[in-house]
Amino acid sequence: MSTTPRVRFAPSPTGLLHIGGARTALYNWAFARRHGGTFVLRIEDTDPTRSTQENTDAILRSMRWLGLDWDEGPEVGGDCGPYFQTQRMDLYLEAFEKMKAAGAVYPCFCSAELIAEKRAKAEAEQGGYGGYDRTCRDIPADEAQARIDAGEPHCWRLKVPLEHGDIVVNDAVRGECRFPIDAMDDMIILRTDGTPTYNFAVVCDDIDMGITHVIRGDDHLSNTPRQILIYEALGAEVPVFAHLSMIWGPDGKKLSKRHGATGVEEYREQGYLPEALDNYLALLGWSLDGETTKFSMETMCTHFSLEHVSKNPAIFDFEKLDWLNGEYVREFDGEEFLAHMAPELIDAGLCTQEDIDARRDWFLKVRPLVFERIKHFNEIPAMVAYLFSGDAVELDEKSVAKVLQKQGAKAALEGAREMLADEELGWTCEEIETALRELLEKLDAKPRKVFQPIRVAVCGNMVSPPLFESIELLDRADVLARIDAALELATE
Ligand code: GLU
């Protein structure tokens with residue numbers, strides 16, 4: 001076995017990359033990075049009816065978006081390729097010949113119908129089907145060969161070594177797991193049509209690719225003893241296994257569409273940042289030190305270890321993910337923040353890229369208005385639409401009733417209009433604030449009584465981003481026009 005670990009993520013392209021798969025990929029990736037090992041991506045596309053190119057593309061796209069770069073695999077190549085199972089049939093047949101030569105397999109002539117009949121009978125009479133009853137195991141070799149030569153349909157089964165004793169898996173996450181040998185049936189290795197079964201192909205690939213650690217979802221735990229028997233039959237060293245617990249929704253049931261988005265690309269479309277999703281996925285079963293929730297992938301890569309992976313099911317907490325996303329959003333500043341905000345503003349029809357290029361400094365000033373209030377960049381357009389509506393702003397009805405149609409509103413607006421119309425007043429946040437605070441004194445009123453009507457007039461509602469900063473970002477003439485419009489509705 002090589003000294004540096006080789007791990008793999010082996011998705012079947014029968015669907016998109018989901019949260020569970022993404023976490024498996026992340027843990028494999030982090031494990032490889034932690035130990036200076038190799039992260040292999042292998043596409044298990046042997047189910048021709050359900051595997052699609054679109055799904056493969058989407059899986060690769062999602063992994064790239066999450067920053068989970070693979071060292072060997074599709075589009076990257078490597079010494080152990082090809083990395084698509086459908087292109088590796090020769091390897092499986094070669095391994096099969098080896099098993100045949102070692103007497104580890106036997107041909108089985110029982111038809112699918114016959115087996116279905118036996119299964120139905122066993123389920124009805126003996127309280128369960130214990131697997132294939134090994135009818136063909138004892139057919140003498142020459143007789144079996146004669147039947148094959150005569151063209152009789154057959155598959156090939158593993159001759160489970162009955163004297164083996166328990167199969168013991170020293171799982172790096174779950175500890176010791178024992179599987180009694182008499183619970184193992186003589187599983188099919190090669191189907192009647194000559195194609196390899198899942199368990200067989202996976203083992204051939206993992207051996208050929210020199211995989212040292214198999215880190216995967218615990219839905220595969222029951223396959224593991226079967227796979228170990230295949231390793232042994234092939235005379236290969238068994239890798240370390242680590243099975244990751246299930247991910248549950250907040251109600252304790254398996255995470256599904258009912259709980260919320262399950263596909264990585266859905267999160268991308270909803271405006272989540274890859275940094276936040278990675279960080280959140282890292283926490284789904286692993287912890288840095290038991291308390292730190294926010295950490296970078298670099299930190300994860302220097303600390304990740306299987307010993308700290310929990311064997312208990314992880315609960316997906318959508319609110320925590322949102323919170324984390326907000327934390328990452330706030331980390332962006334200046335041009336970086338603008339780069340994330342720009343597509344949102346453009347998609348919402350508030351401006352064009354040309355507008356942004358022409359007034360970069362202005363756009364850079366939008367961040368302070370919003371960054372403390374958002375968890376996603378896509379919340380920005382609705383929050384700042386008033387900055388893009390020229391001399392008129394859409395007034396929120398409730399705010400009009402609660403603020404503009406209250407005593408004192410008119411005086412506040414008139415006072416503000418006068419001060420802001422003064423050409424002597426420089427159009428900066430500080431000067432605007434100083435002037436409006438003077439107004440406060442003049443009117444001898446509480447800040448809320450004065451600033452709220454101005455806020456509604458200029459920004460359209462009571463809960464807008466900070467007022468003075470907003471005014472600074474608008475043209476003086478537009479602000480005055482908005483105040484005039486509000487004055488029409490204001491009460492004495
Ligand atoms: N192709 C399998 C799946 O998508 C994974 C196999 C493995 O990790 O061993 O569930």
Side-chain angles (χ1 to χ4, degrees), residues 5-32 37-60 62-63 68 70 72-74 80 82-89 91-92 95 167 169 171-174 177 179 187 189 195-231 234 236 238-247 254-256 262-264 281 285 306 309:
R6 288 178 57 87
V7 293
R8 80 323 190 257
F9 176 52
S12 304
T14 52
L16 304 172
L17 184 62
H18 286 166
I19 290 298
R23 182 196 54 175
T24 300
L26 173 67
Y27 284 20
N28 274 285
W29 175 83
F31 185 81
T38 305
F39 177 46
V40 178
L41 176 61
R42 181 174 74 224
I43 303 295
E44 304 206 319
D45 56 348
T46 44
D47 180 344
T49 52
R50 292 164 61 225
S51 301
T52 67
Q53 184 62 42
E54 291 73 41
N55 287 335
T56 300
D57 293 343
I59 291 168
L60 302 193
S62 297
M63 289 187 57
L68 306 179
W70 52 98
E72 293 179 23
C80 301
Y83 293 90
F84 291 83
Q85 282 191 324
T86 42
Q87 297 168 22
R88 301 175 59 83
M89 288 300 156
L91 177 96
Y92 309 138
I167 303 165
V169 183
D171 192 278
V173 171
R174 306 176 67 98
C177 306
F179 300 87
M187 70 187 127
I189 295 292
T195 58
T197 52
Y198 159 73
N199 277 318
F200 181 51
V202 165
V203 173
C204 295
D205 286 338
D206 284 342
I207 294 171
D208 182 66
M209 295 181 178
I211 299 303
T212 58
H213 296 72
V214 172
I215 306 170
R216 61 184 172 194
D218 70 2
D219 47 332
H220 285 291
L221 184 61
S222 62
N223 286 321
T224 302
R226 299 165 189 279
Q227 293 183 3
I228 288 176
L229 291 176
I230 299 173
Y231 279 99
L234 284 167
V238 179
V240 173
F241 286 95
H243 287 93
L244 309 175
S245 67
M246 299 279 286
I247 301 175
K254 189 174 181 249
L255 186 69
S256 74
T262 52
V264 168
L281 290 173
L306 292 170
V309 173

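We count ligands from 1, going down the list as the structure has it; atoms in each ligand are counted the same way. Model, not experiment: these values are computed from the prediction. In what follows, residues are counted from 1 in the order of the sequence shown.
- The shortest side-chain heavy-atom distance between W29 and M63 does not fall under the 4.5 Å cut-off.
- Scanning the protein heavy atoms around atom 5 (C) of ligand 1, the nearest turns out to be A10 O, 3.3 Å.
- Close approach to S12 involves these atoms of ligand 1, each under 4.0 Å from a residue heavy atom: 1 (N), 2 (C), 3 (C), 4 (O).
- Ranking the protein heavy atoms by distance from atom 8 (O) of ligand 1 puts R8 NH1, 2.8 Å first.
- With hydrogens left out, the protein atom closest to atom 10 (O) of ligand 1 is H220 NE2, 2.9 Å, a heavy atom.
- A tilted orientation is assigned to the rings of F31 and H213, their planes being inclined by 30° to 60°.
- If you look at F9 next to ligand 1, there are no close heavy atoms at all, none under 4.0 Å.
- Checked for salt-bridge contact, R8 and D205 miss the test: no charged N lies under 4.0 Å from a carboxylate O.
- At a 3.5 angstrom cut-off on N or O pairs, E44 counts as close to ligand 1.
- Atom numbering of ligand 1 starts at 1 in the shown order; those under 4.0 Å from a heavy atom of R216 are 7 (C), 8 (O), 9 (O).
- Side chain of D45 to backbone of F84: no donor-acceptor contact under 3.5 angstrom is found.
- Residue contact annotation: Q227 has no non-hydrogen atom under 4.0 Å from ligand 1.
- From the protein, the heavy atom lying nearest to atom 6 (C) of ligand 1 is Y198 OH, 3.0 Å.
- Without hydrogens or angle criteria, R174 side chain to H243 main chain gives no donor-acceptor distance under 3.5 Å.
- Using modelled atom types, one finds a donor on one side chain and an acceptor on the other under 3.5 Å when comparing Q227 with N199.
- Remark: the backbone N or O of T24 is not paired with any side-chain donor or acceptor of R216 at under 3.5 angstrom.
- Any N or O atom pair closer than 3.5 Å counts here, and V214 shares no such pair with ligand 1.
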